[in-house]
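Reminder, nothing fancy here: chain letters follow the sequence lines and each chain counts from 1.
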Protein chains: 2
Amino acid sequence: MFVSKSCSYGIRSVAYLSGYPQGKYVPIRDISNDLNISYHFLTKILQMLTANNVLISSRGAGGGVALAREASSITLYDLIIAIDGDELFTGCLLRLPGCGTKTPCPVHQEWDVARGKVNHFCCHTSVTELHQHVLLLSDNTLSAP
Amino acid sequence: MFVSKSCSYGIRSVAYLSGYPQGKYVPIRDISNDLNISYHFLTKILQMLTANNVLISSRGAGGGVALAREASSITLYDLIIAIDGDELFTGCLLRLPGCGTKTPCPVHQEWDVARGKVNHFCCHTSVTELHQHVLLLSDNTLSAP
DNA sequence: GTAATAAAAGACTCTTTTATCTTAAATTAA
DNA sequence: TTAATTTAAGATAAAAGAGTCTTTTATTAC
């Protein structure tokens with residue numbers, strides 16, 4: 001419905017990494033243990049982030065993945081685009097065939113405004129801001145009111 | 001990402017039905033033909049809408065599905081809740097474990113504001129407003145800019 | 001009552017997403 | 001150079017969403 005589960009895992013992982021200095025390698029095994037995410041699955045997700053220059057990686061002893069740049073410069077927008085693509089920021093809310101700027105559906109304009117706000121705060125929220133929340137709630141606790 | 005494909009089909013079908021008087025039965029076969037939606041699949045989706053008192057149905061010759069009330073009183077919100085449930089209006093954008101009013105994630109508040117706008121226009125957009133758009137673009141045309 | 005019509009219900013298939021398992025390749029340490 | 005470590009890559013499986021097909025049940029028309 002919102003970001004994919006893969007994307008959520010990626011976001012949590014990068015927020016976790018933001019507790020380490022930029023360039024410091026952390027084994028994916030540690031991340032998967034601490035955040036309760038399947039190791040091999042997480043490996044594939046983080047590969048997308050290294051391919052998109054959000055992370056760097058190093059094999060072998062002392063290796064792992066590391067932030068490719070300052071945590072404060074890595075935004076939610078970067079991560080969502082890297083893992084889920086731009087659909088969230090471009091698609092029709094109702095998935096109506098033919099909806100676009102030429103032939104907008106009746107909610108196209110209003111959805112565009114709301115989505116613009118989402119786009120804006122995703123571009124202005126860095127992973128450092130997520131760090132505390134992710135570390136405190138790293139288990140399988142479900143969303144609660 | 002947004003509403004499910006099933007929900008989109010449901011919305012288009014009810015918008016289609018809003019071209020008929022309330023209570024007038026239209027065979028699901030006609031809807032599936034005109035909107036290019038798989039007949040048997042659509043049957044299951046429309047059953048959800050009859051279960052939620054959005055539609056009424058009648059078997060046998062001269063039967064079909066019909067609007068249970070005035071088209072102008074059937075909103076997008078009604079249809080989304082009936083088919084996809086309330087997740088769109090309650091879930092965490094980032095799917096973060098533990099995110100809620102007690103321990104909100106850093107984008108919780110802003111997402112809530114944006115979503116409030118979505119909720120508002122979904123509650124204030126009736127299917128009659130979608131009728132024209134759905135009829136004109138009933139084929140398999142993909143979204144275009 | 002019989003035949004035709006049309007939704008309801010159930011079984012089954014296909015695709016995508018999510019998850020697991022195994023092997024290969026690269027790096028470090030000794 | 002050998003062993004240990006750790007990402008990369010590939011194959012496979014489980015779960016959910018989407019779509020198809022068949023049978024059953026209810027309704028109408030004759």
query = Could you state the CD1-P distance from B/Ile45 to D/dT20, rounded to the nearest angstrom?
reply = 11 Å
message = Less than 6.0 angstrom separating the ring centers of B/Phe89 and B/Tyr77, yes or no?
response = yes
message = Measuring to OP1 and OP2 of D/dT7, would you say a side-chain N or O of A/Gln47 lies under 4.0 angstrom away?
response = no
inquiry  = Can you see if the side chain of A/Tyr39 gets near the phosphate of D/dT7 - specifically, an N or O under 4.0 Å from OP1 or OP2?
reply    = yes
inquiry  = Need to verify one output field. Residue with the more 5' nearest nucleotide on DNA chain C, A/Ser38 or B/Ala61?
reply    = B/Ala61
ask   = Does D/dA8 have OP1 or OP2 sitting under 4.0 Å from an N or O in the side chain of A/Ser57?
value = yes
inquiry  = I need the CG-P distance between B/Asn36 and D/dG19, as an integer number of Å.
reply    = 12 Å
ask   = Which part of the nucleic acid, if any, lies within contact of A/Ile28, taking any heavy atom under 4.0 Å across all strands shown: a base, the sugar-phosphate backbone alone, or nothing?
value = sugar-phosphate
message = Just so I know, are the side chains of A/Leu35 and A/Val134 near enough to count as touching, which here means a heavy-atom distance under 4.5 Å?
response = yes
key: Distance, rounded to the nearest Å, where B/Tyr25 contributes OH and D/dA26 contributes P   = 16 Å
ask   = Any N or O donor-acceptor pair linking the side chain of A/Arg59 to the base of D/dT7 at under 3.5 Å?
value = yes
task = Please confirm whether the backbone N or O of B/Ala15 pairs with a side-chain atom of B/His131, one donor and one acceptor, at under 3.5 Å?
result = yes
note = Ranking A/Gly60 and A/Leu42 by the position along DNA chain C of their nearest nucleotide, the one closer to 5' is A/Leu42
ask   = Can A/Arg69 and A/Asp78 be counted as an ion pair, charged N to O under 4.0 angstrom?
value = yes
key: Length of the CZ-C1' vector between A/Arg29 and D/dA4, whole Å   = 15 Å
inquiry  = Can you classify the ring geometry of A/Tyr20 versus A/Tyr16 as parallel (below 30°), tilted (30 to 60°) or perpendicular (above 60°)?
reply    = tilted
query = Can you find a pair of side-chain heavy atoms, one from A/Asn52 and one from A/Ile83, that are under 4.5 Å apart?
reply = no
task = Please check the phosphate of C/dA8 (OP1 and OP2 only) for any side-chain N or O of B/Thr43 closer than 4.0 Å.
result = no
note = To the nearest angstrom, the CD1-C1' distance between A/Ile56 and C/dA26 comes to 16 Å
request  = Send over the distance from A/Leu55 CG to D/dT6 P, rounded to a whole Å.
outcome  = 17 Å
note = Taken to the nearest whole Å, CE/B/Met48 to P/C/dA7 is 16 Å
message = Output one letter per nucleotide in nucleotides 10-18 of chain C: B when a protein non-hydrogen atom lies under 4.0 Å from the base, S when only the sugar-phosphate is that close, - when neither is.
response = BB------S
ask   = Rounded to whole angstroms, how far apart are CZ on B/Phe2 and C1' on D/dG17?
value = 17 Å
request  = Look at A/Ser58 and C/dT27 and indicate whether a side-chain polar atom (N or O) is within less than 4.0 Å of OP1 or OP2.
outcome  = no
inquiry  = Let me spell it out: for each of A/Pro27 and B/Gly62, pick the nucleotide of DNA chain D with the closest heavy atom. Which residue's pick is nearer the 5' end?
reply    = A/Pro27
ask   = Looking at the rings of B/Phe2 and A/Trp111, which for Trp means the six-membered one, are their centres under 6.0 Å apart?
value = yes
Any donor-acceptor N/O pair, B/Thr50 side chain to B/Ser57 backbone, under 3.5 Å = no
